2 protein chains.
Amino acid sequence: MPSLPNSVDTALRQRAARVVPGGMWGHLNAARLPEGYPQFFARSEGCHLWDVDGNEYVDLMCSWGPIVLGHHHPKVEAAVRRQATAGSCMNGPGAVMVELAEKLVATVAHADWAMFQKNGGDATTSCVTIARAGTRRRKVLAARGSYHGSAPWCSPSLVGVTAEDRAHIVHFDYNDIASLEAAADQAEGDLAAIIVAAFRHDLARDQELPTPEFAARVRAICDATGAALILDDVRAGFRIHAGGSWEPLGVRPDLSSWSKAIANGHPLAAVTGNDRFREAAASVFVTGSFWCEASSMAASLATLEAMEEEGAIARMTAMGQRLRDGLAGLAADNGIGLRQTGPVQMPMVLFDDDPDFVRGELFCATAIRHGAYLHPRHNMFLSAAHTAADIDRVLAAAAAGFAAVRQAG
Amino acid sequence: MPSLPNSVDTALRQRAARVVPGGMWGHLNAARLPEGYPQFFARSEGCHLWDVDGNEYVDLMCSWGPIVLGHHHPKVEAAVRRQATAGSCMNGPGAVMVELAEKLVATVAHADWAMFQKNGGDATTSCVTIARAGTRRRKVLAARGSYHGSAPWCSPSLVGVTAEDRAHIVHFDYNDIASLEAAADQAEGDLAAIIVAAFRHDLARDQELPTPEFAARVRAICDATGAALILDDVRAGFRIHAGGSWEPLGVRPDLSSWSKAIANGHPLAAVTGNDRFREAAASVFVTGSFWCEASSMAASLATLEAMEEEGAIARMTAMGQRLRDGLAGLAADNGIGLRQTGPVQMPMVLFDDDPDFVRGELFCATAIRHGAYLHPRHNMFLSAAHTAADIDRVLAAAAAGFAAVRQAG
């Protein structure tokens, strides 16, 4: 029980409180989670995690997205070892950069080229910079509540951010064509880009797939104005469709940002683009000390290959459906209203009549004691390492969670 | 000879030209270097690099800073393997995050706390955000020409950048107290921070150490106004003084940004701060998908420990002095005016009467054919892996370079 006073986790939190502001920053801060969630982890294997007190969990967060084939995938780790043994951070990239760019161009439908970074936010910010360079315009339309990174122009927090950081961001509501058109009108003559998440996966609300009409209208406005359609595939990328998350809609972006699942947990991000923005992409100065690190690129190439070989998206989808069906059955058995939204491989699970997430937190706090790591307010992630047995273990933990919610009334 | 038409490097560049805008982005683009410099690297060991054609170089760029103990340092790589085998990118940090934060607090003189990121630019941007949060002000003073990253607020390029991205940046000239005071006056009442590089290490100009008067005035203005003194130690950090590059001056910052050398080539950055900005640091939302990756933190802890054990800074300094003395002697022998500036462990080597860097480029193009990887316009970096024999090989290559410059007249 990691929250026990004499746990290793608690001792580490106390030490961290002295040397890290607030004990932990950002989205991995366990203080945002119900009691019983560990802050510190010791070990991982496949879709299983062990905290520093030795508690084991079937994990449904996948490190908030990056782990797409399971921890320690043999082919990925072998590729990393091979590259790292040769050389990783050198005075220029390894040949693997070219191989990976070629692989992305071959895989991602809209892509004529690729560039690499470290953070998803590097990729989204680079897309915006490239779009502005290519159009010589300034305004960027972004959906209210969509997460595109923690840089000042897009952070969900305004603390330490100035009004000017967002002077040229015009907001609209995802899937709301009228608000999209109003935003485009507001930017008239100065529209550089529309940036859209692959689907609506905002924190603490039901997920929404883009409607075909919305996606088509985003494309049409970009076509009519010459603005760039930026698809932010950082979170959803490689879990919906290998060619890009809007391929099933038949709508192709001009620029896409990728990270998270691209290298199965190794730090990498990418921008892909079409030829219309090639010159603009070559004209901007975006760079970082570790952006050419060859090990993470080798990890990415092996990840993309292994995902194809293993039919990873189909496997995640099947296990996500098993989870969704199982949770729906358990909720019904307990007479509990549950909303499961978004793609099954990136599930959001929210309780009816639960404005303060009290039920969701009780559900998760119970489930984690039974060995399932779920999230009460953020979308979760399946990986290709999840088996039917893993999902069934999650469902057994969830059954305890639903019982607790029912008993609490 | 990597520039030969039938070289592996050339073939890779041709492939890259199709799938990467401009063939390569940013500071590692070999198109910015004289003919004969390879773009792609195959292998590294200690301070030696091998390009994809098998040519070997004694390297004086150290991957533009990160490699501080030499490639494949056994203790660092063992620590990475240990951590990676257990788990790296998980749902929260490993215990190593606490150990590393404690190590930085114990090592860095001004530090009461630490936070971690991936890019140097993440660290400088986080410092600015924290300073604004802590002061509830907006203006940031930055030296004209100083490099603090490639984010829109600080990129050396304005392509794709809007005026508003820099609305609150006020420029001054490094080491120029009058211009510093004028900038501070301009920001009056709204001064959040002064950000300064550890020393003036701008591209393509003589380096300058901060004068004691300048450093003291920066501190005094911050003290008088309540602004944060941000020391950008991304490039110089851990090569001048383990406690922070302004320790020899006796001037302590409120916030520092670190990256490059912090983990001997593994991707990591850090912000350290004092207690005055602890609450502000806890109040901002800055995060990234891989910022808790434990392998790079294990690399950093091992790097900082190994640097102490090996007296790395003293070794770099001794080898840097050997290089500087040797180059000065060779230049004098050839009757060539040479300016060597900045700390010897981060040398800038520029030729007199060379406004277009023609001499510098000829010198470097000759030296690389003789197996020494130098840079004609950017500061270079020593590592603790450079031996006297390595430096002497560089000097032999440099002798050929000086002869070429002399013959060219």
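In the text below, chain A, chain B and the rest are named by the order of the sequence lines, each starting its count at 1. Note that the coordinates shown come from a computational prediction; the quantities given were computed from them, not determined experimentally.
Across B:G120, B:A42, B:G121, B:G22, the residue that shares the most heavy-atom pairs under 4.5 angstrom with chain A is B:A42. The residue among B:V80, B:N29, B:N91 with the most heavy atom pairs within less than 4.5 Å of chain A is B:N91. Listed options B:T85, B:T135, B:I67 were ranked by heavy-atom pairs under 4.5 angstrom with chain A; first place goes to B:T85. The choice from B:F116, B:W50, B:W64 that makes the most heavy-atom pairs within less than 4.5 Å of chain A is B:F116. The most heavy-atom pairs under 4.5 Å with chain A, out of B:M115, B:K260, B:E77, B:H27, come from B:H27. Put simply, of B:E293, B:M61, B:E102, the one with the most heavy-atom pairs under 4.5 Å next to chain A is B:E102.
With a threshold of 4.5 angstrom between heavy atoms, B:F290 approaches chain A through side-chain atoms but not through N, CA, C or O. For a residue to count as touching a neighbouring chain, one of its non-hydrogen atoms must lie under 4.5 Å from one of that chain's; by this rule B:A84 touches chain A with the backbone only. Looking at A:A263, there are no atoms closer than 4.5 Å to chain B (heavy atoms on both sides), in backbone or side chain. For chain B, the nearby parts of A:V20 are the backbone and the side chain; heavy atoms of each come within less than 4.5 Å. With a threshold of 4.5 angstrom between heavy atoms, B:D112 approaches chain A through N, CA, C or O but not through any side-chain atom. Looking at B:P152, only its side chain comes within 4.5 Å of chain A, counting heavy atoms on both sides. With a 4.5 angstrom heavy-atom cutoff, A:L49 touches chain B only via side-chain atoms. Residue A:S155 touches chain B through its side chain alone, counting heavy-atom pairs closer than 4.5 Å. Proximity to chain B is absent for every atom of A:L104, based on heavy atoms less than 4.5 angstrom apart. Looking at B:A106, there are no atoms closer than 4.5 Å to chain A (heavy atoms on both sides), in backbone or side chain.
The line from OG of A:S289 to NZ of B:K118 is 12.5 Å long, rounded to the nearest 0.5 Å. A:L158 contributes atom CG, which lies 13.0 Å from atom CZ of B:R132 (distance to the nearest 0.5 angstrom). With rounding to the nearest 0.5 Å, the separation of CG in B:D165 from CG in A:D165 is 7.5 Å. In this structure, B:W25 CH2 and A:Q117 CD are separated by 7.0 Å, a value rounded to the nearest 0.5 Å. With values rounded to the nearest 0.5 angstrom, A:R43 atom CZ is found 12.5 Å from B:Q83 atom CD.
Counting non-hydrogen atoms of neighbouring residues, nucleotides and ligands closer than 6.0 angstrom, the CZ atom of B:R136 reaches no more than 12 such neighbours. Crowding of B:E45 atom CD: a count of heavy atoms from other residues, nucleotides or ligands under 6.0 Å exceeding 12.
Closest heavy-atom contact between A:F40 and B:M97: CE2-CE, 4.0 Å. Residues B:S63 and A:M90 come closest through the heavy atom pair OG-CA, 3.3 Å. Nearest heavy atom pair, residue B:W291 against residue A:N119, reads NE1-OD1, 2.9 Å. Contact detail for A:P21 and B:A114: the closest heavy-atom pair is CD-O, 3.7 Å. Contact record, B:L28 with A:G92: CD1-CA, 4.1 Å, taken as the closest heavy-atom pair. Between A:V19 and B:A101, the shortest heavy-atom distance links the atoms CG2-CB, 3.6 Å.
For A:S150 (side chain) and B:T287 (main-chain N/O), a donor-acceptor pair under 3.5 Å exists by modelled atom type. The main-chain N or O of B:R18 is found under 3.5 Å from a side-chain atom of A:R278 such that the two form a donor-acceptor pair. Judged by distance alone, with hydrogens and angles left aside, the side-chain atoms of A:H266 form no donor-acceptor pair with the main-chain N or O of B:C89 at under 3.5 Å.
At least one side-chain heavy atom of A:E164 sits less than 4.5 Å from a side-chain heavy atom of B:R138. Contact annotation: the side chain of B:D122 approaches that of A:D122 to within less than 4.5 Å [non-hydrogen atoms, C-beta and beyond].
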Between A:R81 and B:R81, is the side-chain contact (heavy atoms from CB on, under 4.5 Å) condition met? List the steps.
CA-CA 9 Å; A:R81 271 194 304 276; B:R81 272 195 304 276; 5.9 Å; no
